[in-house]
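For the single chain, residues carry numbers from 1 onward in sequence order. No hydrogens, no waters, no symmetry mates; every other heavy atom, side chains included, goes into these values.
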Amino acid sequence: QVQLVESGGGLVQAGGSLRLFCAVSGRTFSRYAVGWFRRAPGTEREFVAAISWSGDITYYADSVKGRFTISRDNAKNTVYLQMNSLKPEDTAVYYCAASATATMLGAEYVYWGQGTQVTVSS
């Protein structure tokens, strides 16, 4: 089993920054790719970013490319999502998830966290 716990969410003004954390425990963290997804009220879950187990492969949704950066520290069993130039449309619950390989497909992720709320005011 793998457990994921997100933190770092909050309320921020448009143009501001937040850094999300995904703490992973359980089976060997470094063997898993990790992705970030988000869901706004009334919408479907949306892929945000993903990183391979080694950290050398990353994927981003077009809507966040150039503003968000995903990274990981395997020694700390933690994945980060640095979010800059935030927009009101970034408001959502953000989830991290673990998968065997980095992918944009939510269905490929086996383990999911409970989510952290990000609210961007205009």
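- Not less than 6.0 angstrom separates the ring centroid of Y95 from the ring centroid of F37.
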How far apart are the C-alpha atoms of E108 and T103, what are their side-chain angles, what is the distance that settles it, and do they pass the side-chain hydrogen bond (donor to acceptor under 3.5 Å, both in side chains) test? CA-CA 7 Å; E108 296 294 320; T103 173; 6.0 Å; no
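- Between the side chain of E6 and the main chain of G115, a donor-acceptor pair closer than 3.5 Å is present.
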Working note: M104 + F47, criterion side chain to side chain contact (heavy atoms under 4.5 Å, CB included); need CA distance, chi angles, decisive distance, verdict. CA-CA 6 Å; M104 295 183 284; F47 168 77; 3.3 Å; yes
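- Although no hydrogens or angles enter the test, the distance criterion places a donor-acceptor pair under 3.5 Å between the side chain of T116 and the main chain of G9.
- Side-chain N or O atoms of T78 include one that pairs as donor or acceptor with a backbone N or O of K76 at under 3.5 Å.
- L20 has its side chain within reach of M83: a pair of non-hydrogen atoms, C-beta onward, lies under 4.5 Å apart.
- The closest side-chain heavy-atom distance from W36 to C22 is below 4.5 Å.
- N84 is not listed as a side-chain neighbour of F68, based on a closest heavy-atom distance of 4.5 Å or more.
- Qualifying ring-ring contact (aromatic ring centres under 6.0 Å, His included) partners for Y60, counting only residues two or more places apart in sequence or in other chains: none.
- By the side chain to side chain contact (heavy atoms under 4.5 Å, CB included) test, S7 is found to be paired with F21, residues two or more places apart in sequence or in another chain being considered.
- Within the 4.5 Å cutoff, side-chain heavy atoms of Y80 are placed close to those of D73.
- S52 places a side-chain N or O within 3.5 Å of a backbone atom of G55 that can act as its donor or acceptor partner.
- Side-chain N or O atoms of R67 include one that pairs as donor or acceptor with a backbone N or O of S85 at under 3.5 Å.
- Looking at K87 and D90, no side-chain N of the basic residue comes within less than 4.0 Å of a carboxylate O on the acidic one, giving no salt bridge.
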